[in-house]
Amino acid sequence: MFVTQRLVLVFSLAVAISAIGSGIASALDRSPRPSETVTLFDGQSLRGWEGSTQWFRIEDGAIVAGSLEKSIPHNVFLCTTSQYRDFEMQLKVKLLGDLKHANAGIQIRSRRIPDDHEMIGYQADMGQHYWGCLYDESRRRKVLARPDRADLDRILKKSDWNDYRIRCRNRRIQLWINGHQTVDYTEPDDGITQTGLIGLQIHSGPPAEAWYRDITLRPLSPVRFKVRTINAASRFEAAGLLDVNRDGKIDIFCGGFWYEGPNWTKHFVRDVPEQGQYHYDFANLPYDVDGDGWMDVINAAWHNKTLFWVKNPGKSEQPFQVIDIGTPGNMETAMVYDISGDGKLDILPAVNNGPTWYEATCEGCATRWIEHVLPPELKGHGLGAGDVDGDTSMDIVAPKGWLQQRSGPWVWHPEFQLGVASVPILVLDVDGDGDSDILWGMGHDYGLYWLEQSADEGGVRTWIKHTIDTAWSQAHFVYMADLDLDGRDDLITGKRYRAHNGNDPGSGDPLCIYWYRYDTASKGWDKYVVHEGGKVGFGINTVAQDIDNDGDVDIVAPGKSGLYLLLNQLHQP
């Protein structure tokens with residue numbers, strides 16, 4: 001569930017001032033959150049709706065449109081005040097009067113026509129021979145899809161209550177009456193908007209009444225995912241995407257193997273030591289280290305404290321060679337950023353007790369790594385990098401503050417306390433106000449949060465803490481990608497399987513992967529399911545990109561419970 005109560009903590013430099021802000025609103029006063037079924041009509045008032053009270057009234061817990069005493073001069077609509085895109089709606093309807101002429105319907109993804117009584121958009125039709133049809137009101141003015149008439153006559157309850165169910169997801173619209181599907185329609189015109197109001201109609205004509213009650217709506221994720229098992233026996237917790245064999249196709253690199261796309265044929269890479277239920281394999285970062293045109297992989301290990309790279313042998317069938325970079329200490333994983341600002345990616349290993357970063361310099365055919373030791377204040381669980389202060393230099397974020405990169409010595413700012421944070425800690429402009437915010441998960445506990453960067457009246461930087469979700473634990477890895485292709489990156493994260501070998505809070509809870517879309521108006525996040533239950537979890541280092549070349553972003557999910565590919569079905573009806 002989306003968290004509607006927000007805990008706000010303001011950190012001003014080293015001084016923290018806390019305040020609790022509450023905001024639990026009625027479901028009728030706000031847009032519902034995904035997976036949250038809401039009642040659109042409370043049975044007593046028209047709150048959340050607008051329209052003519054001359055032709056709409058409430059009677060016996062239902063909205064009644066029209067009249068059995070007088071003719072209806074023109075189509076009349078009662079509309080929601082909120083818009084909806086992807087949802088499943090259920091309601092009970094009945095039509096009374098001269099059934100040979102009475103007509104009504106439920107508008108979906110529609111809008112009012114300015115200075116007119118009409119609406120434009122899709123209509124789930126009621127009445128005459130239109131029951132169960134999908135009609136295009138005031139636009140194409142035609143039936144887009146219709147049921148078999150004989151089947152409909154068999155299941156329809158005339159002059160009585162009927163269950164109407166409407167599902168809209170992407171360009172697909174499905175209708176059911178009394179459990180019988182009447183329409184399964186996919187809109188072929190990409191130019192037609194798929195967001196709009198919901199409306200209740202009574203059609204012009206002789207005296208008639210349309211009754212509507214028990215109106216509920218459950219938002220649906222615009223994105224669905226299809227799970228493909230790559231290797232259910234895999235126990236490696238990191239994965240990368242690269243073209244290993246230079247055939248122009250994306251491959252999956254995970255631990256001791258790489259999987260050749262698009263059929264995911266398994267190939268041996270190296271023997272990976274295992275210790276205490278962990279492999280010496282905490283990062284799979286694509287990087288052509290030696291510049292030979294064959295993509296290599298940068299890796300890290302906790303137990304032997306070694307940062308290393310795995311050399312791609314090219315066309316040779318030989319195992320990949322492991323080449324050490326350094327031994328900075330126990331590492332949760334490693335990341336790549338352009339820390340130096342020279343246009344080349346550097347390595348930032350997540351060393352708990354000895355922060356450092358490595359710069360690559362290529363001299364001829366050899367690669368030399370320069371280690372840069374960082375101030376000890378960065379120690380702790382969790383690390384990330386980004387431009388915090390907006391000066392275009394790469395800063396480094398840790399659980400107890402952030403390290404500002406300057407032309408001289410780095411400057412430490414102990415401005416917040418994140419706790420046992422994820423790797424990475426993300427630096428990004430969450431709310432679109434032009435400055436950088438901070439987002440992280442609790443790697444070994446419950447909680448997913450973001451800090452909003454702001455300033456007090458004196459211009460001193462402050463941080464406001466917002467809760468994203470506290471319903472599940474072990475968000476050890478967080479990632480941003482545009483899953484719904486709306487032009488904004490979404491948050492992707494999930495539960496790690498057997499972090500600390502099952503000794504973390506909530507370790508026994510079901511596995512889950514979610515994505516979250518930020519809502520600017522409420523400063524909240526809409527939560528959507530990628531996968532829940534089963535064996536699919538989120539490890540400590542992975543990636544999301546268009547793997548099957550269909551134009552949307554897919555997700556690789558490695559972990560101790562197996563290696564899986566989550567294929568985005570955004571373009572599927």
Query raised in the report: Under a 4.5 Å cut-off applied to non-hydrogen side-chain atoms, are Val227 and Leu567 in contact?
Result: no

Query - Shortest non-hydrogen contact from Met119 toward Leu197 - result: CE-CB, 4.3 Å

**Report entry** Close side-chain approach of His180 to Asp151, heavy-atom, < 4.5 Å
**Finding:** yes

Query - Reported CD1-to-CD distance for the pair Ile155 and Gln181, which is rounded to 0.5 angstrom - result: 11.5 Å

**Report entry** Validation row: Thr265, Tyr259 side chains within 4.5 angstrom (heavy atoms)
**Finding:** no

Query raised in the report: In a check of side-chain hydrogen bond (donor to acceptor under 3.5 Å, both in side chains) between Tyr122 and each of Glu187, Arg109, Glu137, which one passes?
Result: Glu187

Report summary line: In terms of heavy-atom contacts, Ala104 and Asp125 come closest through O-OD1, 2.9 Å

Query raised in the report: So, the side chain of Thr182 versus the backbone of Gly132: is there a donor-acceptor pair under 3.5 Å, distance only?
Result: yes

Query raised in the report: Do the numbers put Arg213 on top of the ring of Trp161, so that NZ or CZ is under 6.0 Å from the six-membered ring centre and no more than 45° off the axis?
Result: yes

Query - Ion pair check, Arg488 and Asp486, cut-off under 4.0 Å - result: yes

**Report entry** Under 3.5 Å donor-acceptor, Glu88 side chain and Arg218 backbone
**Finding:** no

Query raised in the report: Do Asp190 and Arg171 meet the salt-bridge criterion of a basic N to acidic O distance under 4.0 Å?
Result: yes

Report summary line: Residues pairing under side chain to side chain donor-acceptor pair (under 3.5 Å) where one sits in residues 63-74, two or more places apart or in two chains, turn out to be none

Query raised in the report: Can you name the closest pair of heavy atoms from Leu566 and Ala557 and give their distance?
Result: CD1-CB, 4.1 Å

**Report entry** Nearest heavy atoms of Ala481 and Ala544, plus distance in Å
**Finding:** CB-CB, 4.4 Å

Query raised in the report: Using 4.0 Å as the upper bound for N to carboxylate O, is an ion pair formed by Asp469 and Lys527?
Result: yes

**Report entry** Whether over 12 other heavy atoms sit under 6.0 Å from Tyr479 OH
**Finding:** yes

Requested in this report: Could you walk me through whether Trp211 and Val64 pass side-chain contact (heavy atoms from CB on, under 4.5 Å), step by step?
Outcome: CA-CA 5 Å; Trp211 289 57; Val64 183; 3.6 Å; yes

Query - Salt-bridge criterion met for Arg112 and Glu50 (N-O under 4.0 Å) - result: yes

Query raised in the report: Is the shortest heavy-atom distance from the side chain of Met480 to the side chain of Leu426 under 4.5 Å?
Result: yes

Query raised in the report: Within the distance-only criterion (no hydrogens, no angle test), does the side chain of Thr195 pair as donor or acceptor with the backbone N or O of Arg85 below 3.5 angstrom?
Result: no

Query raised in the report: For the side chain of Asn162 and the backbone of Lys157, is there at least one donor-acceptor N/O pair under 3.5 Å apart?
Result: yes

Query raised in the report: So, are Lys92 and Asp163 salt-bridged, with charged N and O less than 4.0 Å apart?
Result: yes

**Report entry** Shortest non-hydrogen separation from Phe477 to Thr542 and the atoms involved
**Finding:** CZ-O, 3.3 Å

Query - From Gln123 atom CD to Ile108 atom CD1, the distance as rounded to the nearest 0.5 Å - result: 9.5 Å

Query raised in the report: Is there a side-chain contact (heavy atoms from CB on, under 4.5 Å) between Trp440 and Leu448 once you walk through the steps?
Result: CA-CA 6 Å; Trp440 78 102; Leu448 191 61; over 6 Å; no

**Report entry** Ring center gap for Phe56 and Trp49 short of 6.0 angstrom
**Finding:** no

Query raised in the report: Is any side-chain heavy atom of Lys495 less than 4.5 Å from a side-chain heavy atom of Tyr497?
Result: no

Query - Evaluation steps, side-chain contact (heavy atoms from CB on, under 4.5 Å), between Lys94 and Tyr212 - result: CA-CA 7 Å; Lys94 69 177 175 180; Tyr212 305 92; over 6 Å; no

Query raised in the report: If we only count heavy atoms from C-beta on, is the Leu491 to Val478 side-chain gap below 4.5 Å?
Result: yes

Query raised in the report: What distance do Asn103 atom CG and Ile202 atom CD1 have between them, rounded to the nearest 0.5 Å?
Result: 7.5 Å

Query raised in the report: If we only count heavy atoms from C-beta on, is the Asp431 to Glu452 side-chain gap below 4.5 Å?
Result: yes

Query raised in the report: Between CG of Asp86 and OG of Ser221, what distance do you get to the nearest 0.5 Å?
Result: 7.5 Å

**Report entry** Asp243 with Lys249: basic N within carboxylate O range, under 4.0 Å
**Finding:** no

Requested in this report: Would you confirm whether Asp136, through its side chain, and Arg140, through its main-chain N or O, come within 3.5 Å as a donor-acceptor pair?
Outcome: yes

Query - Test: Arg149 and Asp153 ion pair at under 4.0 Å - result: yes

Query raised in the report: Out of Ile250, Leu241, Val553, Asp554, which residue meets the side chain to side chain contact (heavy atoms under 4.5 Å, CB included) rule with Asp546?
Result: Asp554

Query raised in the report: How long is the gap from CD on Gln83 to OG1 on Thr80, to the nearest 0.5 Å?
Result: 8.0 Å

Query raised in the report: Should Leu200 and Ile215 count as side-chain neighbours, where that means a heavy-atom distance under 4.5 Å?
Result: yes

Query raised in the report: Just by modelled atom types, is the Pro222 backbone N or O under 3.5 Å from a matching donor or acceptor in the Asn170 side chain?
Result: yes

Query - Short side-chain to backbone donor-acceptor contact, Asp429 and Gly432, under 3.5 Å - result: yes

**Report entry** Residues Leu46, Ile63; criterion side-chain contact (heavy atoms from CB on, under 4.5 Å); working and verdict
**Finding:** CA-CA 8 Å; Leu46 293 179; Ile63 295 175; 3.9 Å; yes

Query - Donor-acceptor under 3.5 Å (Ser52 side chain, Gln54 main chain) - result: yes

Query raised in the report: Is any side-chain N of the basic residue among Arg57 and Glu209 closer than 4.0 Å to the acidic one's carboxylate O?
Result: yes

Report task. Give me the one residue out of Asp484, Asp489, Asp482, Asp490 that meets side-chain hydrogen bond (donor to acceptor under 3.5 Å, both in side chains) with Arg517. Result -> Asp484

Report task. Taking all heavy atoms of Ile120 and all of Gln107, pick out the closest pair and write down the distance. Result -> C-NE2, 4.5 Å

Query raised in the report: Which value, rounded to the nearest 0.5 Å, describes the distance between Asn178 atom CG and Arg154 atom CZ?
Result: 10.5 Å

Query raised in the report: With distance as the sole test, does Trp264 use its side chain to make a donor-acceptor pair with the main-chain N or O of Pro262 at under 3.5 Å?
Result: yes

**Report entry** Residue pair Gln128, His101: steps toward the side-chain hydrogen bond (donor to acceptor under 3.5 Å, both in side chains) verdict
**Finding:** CA-CA 6 Å; Gln128 305 170 45; His101 299 95; over 6 Å; no

Report summary line: From the list Trp515, Tyr514, Tyr449, Tyr518, ring pair (Phe, Tyr, Trp, His ring centres under 6.0 Å) partner of Trp525 resolves to Tyr518

Query raised in the report: Should Ser45 and Asp42 be marked as a side-chain hydrogen bond (donor to acceptor under 3.5 Å, both in side chains) after you check the CA-CA gap, both sets of side-chain angles, and the distance that decides it?
Result: CA-CA 6 Å; Ser45 73; Asp42 62 13; 2.9 Å; yes

Requested in this report: State whether Asp184 and Arg172 are salt-bridged, where the test is any N-O pair (Lys NZ or Arg NE/NH1/NH2 against Asp/Glu carboxylate O) under 4.0 Å.
Outcome: yes

Requested in this report: Please answer whether the main-chain N or O of Phe225 pairs with a side-chain N or O of Asn568 as donor and acceptor at a distance below 3.5 Å.
Outcome: no

